[in-house]
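These numbers come from the heavy atoms of this one structure, side chains and all, not from hydrogens, waters or symmetry mates. Within every chain, numbering begins at 1; the chains are lettered A, B, ... in the order of the sequence lines, protein sequences first and strands thereafter.
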There are 2 protein chains.
Amino acid sequence: MTTARRPATLDDVARAAGVSRSTASRVIAGNGFTSPVARDRVRTAADRLGYVPNAAARALVRGAGVRLLVAVAGATPSVLDDSYINQVVSTSAQVCAPYGLGVTVEWVPLDEPGRLTRLADDRGVAGLLLVNTTDAMLGLVPRRLRGRTASIGIGSASVPSVDIDNGGGTAAIVRHLYATGHRRIAMVTGPPWLTCATRSVEAYRGLLRQAGLPAREVVGDFSAARGRAAAREVLRRWPDTDAIVGISDATALGVIGQLRADGVQVPGDVAVTGFDDIPLASVTALTTASHPVRRIATAAATMVLEQRPVPPLTVFPSALVLRESA
Amino acid sequence: MTTARRPATLDDVARAAGVSRSTASRVIAGNGFTSPVARDRVRTAADRLGYVPNAAARALVRGAGVRLLVAVAGATPSVLDDSYINQVVSTSAQVCAPYGLGVTVEWVPLDEPGRLTRLADDRGVAGLLLVNTTDAMLGLVPRRLRGRTASIGIGSASVPSVDIDNGGGTAAIVRHLYATGHRRIAMVTGPPWLTCATRSVEAYRGLLRQAGLPAREVVGDFSAARGRAAAREVLRRWPDTDAIVGISDATALGVIGQLRADGVQVPGDVAVTGFDDIPLASVTALTTASHPVRRIATAAATMVLEQRPVPPLTVFPSALVLRESA
DNA sequence: GATTGTGCTGGTAGCGCTCCCAGGTGTGTG
DNA sequence: CACACACCTGGGAGCGCTACCAGCACAATC
């Protein structure tokens, strides 16, 4: 409305409201004593001038930082292209917006966890979101950011974390396969250094051991491409396999693509399951387990932004989603 | 290595290097005259102290802003959940990281483009990335941010834009269908208000008209769910359809899912094509056109960050990707 | 009436940085 | 030898904001 050549500052607001800058600051920031009269006048003036607090100035004086750093561990920088990571970043950005904070993603090489320290030492970093967290990273969070850090996908005492119940989800899947008569169940796993992936594998192993069945594992990396190759490897090593558990939906879709290309019927000859329940899973009729990434990311980002002191570990349940591939 | 209780400031660096703060600033920021000796001493001191410039202070004095705003137009806030948007946000965040800038996403309702002004008026906003841009939005970019704005997916004189060649990609697909003998070609379109989606539709219409064939259009929205419903509608209205062009891969996969569920052979009875070449397209053997979202987003974000004055419109070519669905 | 609160206000010192300006050197030109 | 002009430096102001502190009024208490 106002033809603001120069955007309004707190001084402008204070002058327009006929109070001091201090009072205006108190009203806007909402701390300290203010009379109803002053409150009202400052608010009106601010509205009229279209005043928007300057995030940089506020951050500077508060020593607060202006962005959330999403630090993703991985073997190569290409982890950042992953759709899971994309969702975490995008969701965090949504959560941060109302706080006037931005989001930044960075890759932390597996063999150089120290990179985390360097990245997080930037005073512009207001909080830390650890993804694909390794144990090494937990010890490298700068003291300044303790209490402003959360991890997605690892259980830890030092840093609050939020995760899906990988073990539970995988167990439900394996139980379902067993219940439907499968006895020669293979798994395409995730990278072994990833705690959350490991939990799935452990659930798989545990259940098979309990049933007196041998495990058949091929290492994967969540990708569809690796899933294709892994499918071949599984059938080469154990040709009588009648079910393949994928660590992710992408993996499973890769497996299915390869099997069908090789003339193997799914689920006729081999049942295949995924994990994540991505939108395409319903279209491709994939049996999978739910993985509400956005809810997880929202919970984690909120933990950081609000400095929730209490819940050290939040676990979202994973529900079995039955479709046709198994 | 230094036990930095308090993080190093430029003053600390200057003191350690034995120069004034001004000189240190010049060396770090890399502008103004500095002697090789001073440069070296300052750099060494900065390294030793682990100095990282304070983004907030820098932004404050430069009047610069601390984050890139990705503004996405759409009917509902759920556009922000879209995987395409996720990729744009995530890629932008990667591009912004080295600049010390964060990223924020916000939804601009179709029926309230003015929201854009309010969001962009925040002084913390250093640049603007418009996605799913409508004409109304172009006029609402605050003056302060002209020249710090780019649009993904619209051709416009007022704002530099970068986009995929939707028309060319779709034309290549339609030509391929025609060349392989299809004459009753339907299309599941995108939302009509979206310029970039419209270009695809126009290419489709133009080519059919040229060939003397009637257009068969059903409105979609890029989603797989809508694709399923649209497939039904196409076959209900034009039962003899022998090819369906999807506006996106998700749409196409939805179409395929529904067709197969209804006992229609793909590509035997009906050929189906997508657009985007998402990772799963190769797994599902979908014929499609490439759409390098990350390269597009990188180009757009870079335009904003570096204030490229020159290229008003960058168009990435879209290549036909032949697979088995058509 | 003196004293202690309680509620509110304005002045002011910075947060860490950049940038302008006034100066300092040293080298070349009239 | 004066002068211009390059290159380089330090001093200092100030970006917009918050937080601290002193101070004022008014009421409640002794």
Side-chain angles (χ1 to χ4, degrees), chain A residues 4-43 45-46 49-66 99-101 121-126 144, chain B residues 4-43 45-46 49-66 99-101 121-126 144:
Chain A
R5 330 227 94 235
R6 183 179 58 82
T9 72
L10 194 56
D11 272 312
D12 299 330
V13 174
R15 213 170 306 124
V19 300
S20 74
R21 180 175 56 237
S22 310
T23 303
S25 170
R26 258 174 244 124
V27 172
I28 301 288
N31 49 7
F33 295 111
T34 45
S35 66
V37 190
R39 257 197 301 276
D40 193 58
R41 296 180 61 183
V42 170
R43 293 233 176 88
L49 297 175
Y51 172 72
V52 184
N54 182 321
R58 185 173 276 183
L60 175 60
V61 70
R62 283 198 188 149
V66 292
Y99 294 81
L101 290 177
D121 266 344
D122 186 332
R123 298 282 280 137
V125 173
R144 177 177 73 89
Chain B
R5 328 227 96 235
R6 181 180 58 84
T9 72
L10 195 54
D11 272 312
D12 299 329
V13 174
R15 213 171 303 122
V19 298
S20 75
R21 178 172 60 236
S22 311
T23 303
S25 170
R26 259 174 244 124
V27 172
I28 301 287
N31 48 8
F33 295 110
T34 45
S35 64
V37 190
R39 258 197 300 276
D40 193 58
R41 296 179 61 183
V42 171
R43 294 232 176 89
L49 296 175
Y51 171 72
V52 184
N54 182 320
R58 186 173 274 183
L60 174 59
V61 69
R62 286 199 188 148
V66 292
Y99 295 80
L101 290 176
D121 266 344
D122 187 330
R123 297 282 281 141
V125 174
R144 175 178 74 87

When rounded to whole Å, the CZ to P distance for the pair B/R15 and C/dG16 reads 11 Å
Whole-Å distance separating the CZ atom of A/F33 from the P atom of C/dG7: 5 Å
Out of C/dT18, C/dG10, C/dT9, which nucleotide sits closest to the side chain of A/T34? C/dT9
Can you check the B/I28 CD1 to C/dC19 P distance for me, whole Å? 14 Å
Under 3.5 Å, which protein N or O atoms sit close to an N or O of nucleotides 14-17 of chain D? Give each pair with its distance.
from, atom 1, to, atom 2, distance (Å)
D/dC17, OP1, A/Y51, OH, 2.4
D/dC17, OP1, A/N54, N, 3.3
D/dC17, OP2, A/L10, N, 2.3

Counting any heavy atom closer than 4.0 Å, what does A/A59 reach on the DNA or RNA strands: base, sugar-phosphate only, or nothing? nothing
Restricting both atoms to N or O, compile the protein contacts to nucleotides 20-24 of chain C shorter than 3.5 Å, with distance only.
none

In Å and rounded to the nearest 0.5 Å, what is the CG to OH distance from A/D121 to B/Y51? 13.0 Å
Does any N or O in the side chain of B/R41 come within less than 3.5 Å of the main-chain N or O of B/A17, such that one atom is a donor and the other an acceptor? yes
Side chain to side chain contact (heavy atoms under 4.5 Å, CB included) evaluation trace for B/R123 with A/V52: CA-CA 7 Å; B/R123 297 282 281 141; A/V52 184; 5.5 Å; no
Less than 4.0 angstrom from a charged side-chain N to a carboxylate O is my criterion; do B/R43 and B/D40 meet it? no
Minimal heavy-atom distance between B/D122 and B/R144, with the atoms involved, is O-NH2, 2.9 Å
Among A/V13, A/L10, A/V19, find the one that has a side-chain contact (heavy atoms from CB on, under 4.5 Å) with A/S25. A/L10
Contact check, side chains of A/R58 and A/I28, non-hydrogen atoms, under 4.5 Å: yes
Whole-Å distance between C/dC17 P and A/D122 CG? 11 Å
Of all the heavy-atom pairs spanning B/T34 and B/R26, show the shortest one and how long it is. CG2-CB, 3.6 Å
